[in-house]
Number of protein chains: 2
Amino acid sequence: MTKNEAIGALIEEGQNWFLPSLSVDCVIFGFHDGELKVLLLKHRHLNMWGLPGGFVYKDEPADVAAQRVLQERTGLQEIFLQQFHTFGDMERYDKEFHNRDLKKDGITVQSDHWLLQRFVTIGYYALVEFSKVSPSEDTLTEKCLWWDIRKVPSLMLDHKKILDKALQTLRMQLNYQPIGYNLLPEKFTMPELLKLYETILDKKLDRRNFQRKILNYGILRRLKEIKKGVAHKAPYLYSFDLNRYQEALSVGLQGGW
Amino acid sequence: MTKNEAIGALIEEGQNWFLPSLSVDCVIFGFHDGELKVLLLKHRHLNMWGLPGGFVYKDEPADVAAQRVLQERTGLQEIFLQQFHTFGDMERYDKEFHNRDLKKDGITVQSDHWLLQRFVTIGYYALVEFSKVSPSEDTLTEKCLWWDIRKVPSLMLDHKKILDKALQTLRMQLNYQPIGYNLLPEKFTMPELLKLYETILDKKLDRRNFQRKILNYGILRRLKEIKKGVAHKAPYLYSFDLNRYQEALSVGLQGGW
DNA sequence: ATTATATTGTGTCATGTTGACGCAATGAAA
DNA sequence: TTTCATTGCGTCAACATGACACAATATAAT
């Protein structure tokens, strides 16, 4: 399917397939080289960067739509996606936004076409292991790349606002939920976990106090192995105790009341 | 406007006014007699209890729609509503749900009518001062009443699930956000605040430790006055220090990382 | 009027958590 | 063999938390 065929099908049939006025957008965080990354797409027809997003089929749960959209656009499967906010302001409505680019492609649609209407979007975010991702493009996507969170380009519509809100939510959750599974390799070292926290929070932490606190959560298992081939003293390897990790997810880490 | 006229107008014109497939629902918590209450409506045309909810005008921000819906249905104004979750599962779609009751009223609509379509709803919640609310009905609402949170009746569609999620969110927020403003009178006593926390959490707390902890947050001002006309030793009156309260809202109460 | 009782204000003490930092062990690099 | 960045483990003071004692106060009971 060529680009214009794909767009044509969407334009012709979209209103029959999808719920009108509603979309989903995914903020996918990854961690690499001590930097927090976010996965962005460059849309062929818009020629702009944006979050992986799409529409919800008329008989499809919204959560499933988010999963599917992500899989379609990035090849990522079975990611734990978490809904974090729904964006329903008027500022995210730019009637000429799609129209400009459709016209460039010589496509004309009526002014009341569903694609040109106002959309409310449900935001999802996920943390994934960088190494397991092989960003892939499709007919509608020109590029799919990891961007350093500090260097994201200008994004379409209000996607920067969505990204910021996701990051803010992630930092909040760090205070009462365990983080790291799905984001780090199966086996990892304490300095790596520390670096992850420091990167997300954009803040330096005392490594000794960090280790004490995180070990007290009881969600880590120290392995007998030791990381090899590294300079200086070799650190222990750890892995998450999934049972305790899951429990901590539901109960929370801090005591509270 | 009679009941049927009101419904008629909604059925005729709704699709021109509102965003399709999208609604908002409000969970309004109140506190009275040491019990946590929730505000429920009994819909005239459905003859069932449910959360105050409604639709979003095509040129209206979703947050504003929630405010408006609440004001229209309950008379409540300027409530701090907080979005907490968007419900987009298929289980909340019951095509015959509205149709059954429309038929009872002798109203027939086409099977592809917008009211019969699947809806995704954005959930909002608020905490309000019980005494300031005068629940009021309108043409579409037969009753508007406070219900004890433990005794809510059977609710329409998935409104029970929405209510539960709101309560769960509220309990979570208790751990890292100040609560009580808008929910208690201007001046209140420490035992009253304690009771509020105990009621929300459905759990007994040690009054002395509670007082120490909550005072350390620095969001309360002890007044010189003392509650009068009560049995036993008269307690001090407190009020929230709004500046510090607002700051705590944004920064959070617990240190975290 | 005196006493009993429920409730509130304040404080103590043991325990647990946090922030700041010291120091020896390790292993690649000089 | 020495150097040195890094890791593992530990110390200590400050602060927070859970459990509980006791005196002060205002109504209710006698």
Side-chain angles (χ1 to χ4, degrees), chain A residues 33-34 174-178 180 184-185 187-199 201 203-239 244 248 251-257, chain B residues 33-34 174-178 180 184-185 187-199 201 203-239 244 248 251-257:
Chain A
D33 277 346
L174 218 56
N175 288 331
Y176 51 92
Q177 275 185 16
L184 289 173
K187 300 170 184 178
F188 52 89
T189 66
M190 193 56 76
E192 284 168 352
L193 187 60
L194 169 67
K195 187 73 189 172
L196 170 63
Y197 272 71
E198 289 184 333
T199 302
L201 293 169
K203 178 163 122 183
K204 223 160 164 42
L205 302 173
D206 184 284
R207 68 184 175 86
R208 293 154 290 190
N209 294 334
F210 174 80
Q211 164 149 340
R212 181 179 54 195
K213 186 167 175 176
I214 207 116
L215 284 179
N216 276 342
Y217 286 164
I219 57 174
L220 292 178
R221 269 191 325 225
R222 193 170 87 176
L223 307 177
K224 297 200 177 86
E225 312 167 54
I226 278 185
K227 186 117 176 180
K228 288 173 184 170
V230 291
H232 316 299
K233 181 166 182 176
Y236 282 102
L237 285 171
Y238 291 84
S239 68
R244 290 167 176 271
V251 178
L253 287 172
Q254 316 245 77
W257 293 96
Chain B
D33 278 345
L174 218 56
N175 288 330
Y176 52 93
Q177 275 186 17
L184 289 172
K187 301 171 184 178
F188 52 89
T189 67
M190 193 56 74
E192 283 168 352
L193 187 59
L194 169 68
K195 187 74 189 171
L196 170 62
Y197 272 70
E198 290 183 332
T199 303
L201 294 169
K203 177 163 123 183
K204 230 176 156 33
L205 301 173
D206 184 284
R207 73 185 171 86
R208 295 155 289 189
N209 294 334
F210 173 82
Q211 164 151 337
R212 181 178 53 195
K213 185 167 175 176
I214 206 114
L215 284 179
N216 276 340
Y217 286 163
I219 57 173
L220 292 178
R221 270 192 325 228
R222 193 169 86 176
L223 306 177
K224 297 202 177 83
E225 312 170 53
I226 276 183
K227 186 116 179 181
K228 287 173 183 167
V230 291
H232 315 299
K233 181 168 182 175
Y236 282 101
L237 285 171
Y238 292 83
S239 67
R244 291 167 175 272
V251 178
L253 288 172
Q254 316 248 73
W257 293 97

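Convention: sequence-line order gives letters A, B, ...; per-chain numbering from 1.
By the 30° and 60° cut-offs, the orientation of the rings of F210(A) relative to W257(B) is tilted.
Across the interface with DNA chain D, nearest-nucleotide mapping of A231(B) and L237(A) shows L237(A) to be the residue nearer the 5′ end.
Reading DNA chain C from its 5' end, the first and the last nucleotide to sit under 4.0 Å from a heavy atom of chain B are dA6(C) to dT12(C).
For the side-chain hydrogen bond (donor to acceptor under 3.5 Å, both in side chains) test, no residue two or more places apart in sequence or in another chain qualifies with Y238(A). Applying the side-chain hydrogen bond (donor to acceptor under 3.5 Å, both in side chains) rule to R207(B) yields no partners; only residues at least two apart in sequence or on another chain are considered. Residues that satisfy the side-chain contact (heavy atoms from CB on, under 4.5 Å) test with K233(B), not counting sequence neighbours, are absent from this structure.
Rounded to an integer number of Å, the gap from CG of L194(A) to P of dG8(D) is 11 Å.
Between L253(A) and A248(A), the shortest heavy-atom distance links the atoms CD2-CB, 3.8 Å. Contact detail for L196(A) and G180(A): the closest heavy-atom pair is CD2-CA, 3.9 Å.
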| said: Please evaluate residues L223(B) and Y236(B) with respect to the criterion side-chain contact (heavy atoms from CB on, under 4.5 Å), reporting the C-alpha separation (whole Å), side-chain torsions for both, the decisive distance (0.1 Å), and the verdict. | reply: CA-CA 7 Å; L223(B) 306 177; Y236(B) 282 101; over 6 Å; no

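Side-chain atoms of T199(A) and K195(A), non-hydrogen and from C-beta on, do get closer than 4.5 Å to each other. Residues M190(B) and I214(B) form a side-chain contact, since some pair of their non-hydrogen atoms from C-beta on lies under 4.5 Å apart. Between N175(B) and Y176(A), every side-chain heavy-atom pair lies at or beyond the 4.5 Å cut-off.
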| In B/S/- notation, 5' to 3', how is nucleotides 15-25 of chain D contacted by protein heavy atoms closer than 4.0 Å? | --BBBBB--BB

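Taken over five-pair windows at either terminus, the axes of the helix from dA1(C)-dT30(D) to dA30(C)-dT1(D) are inclined to one another by 10° (rounded to 10 degrees).
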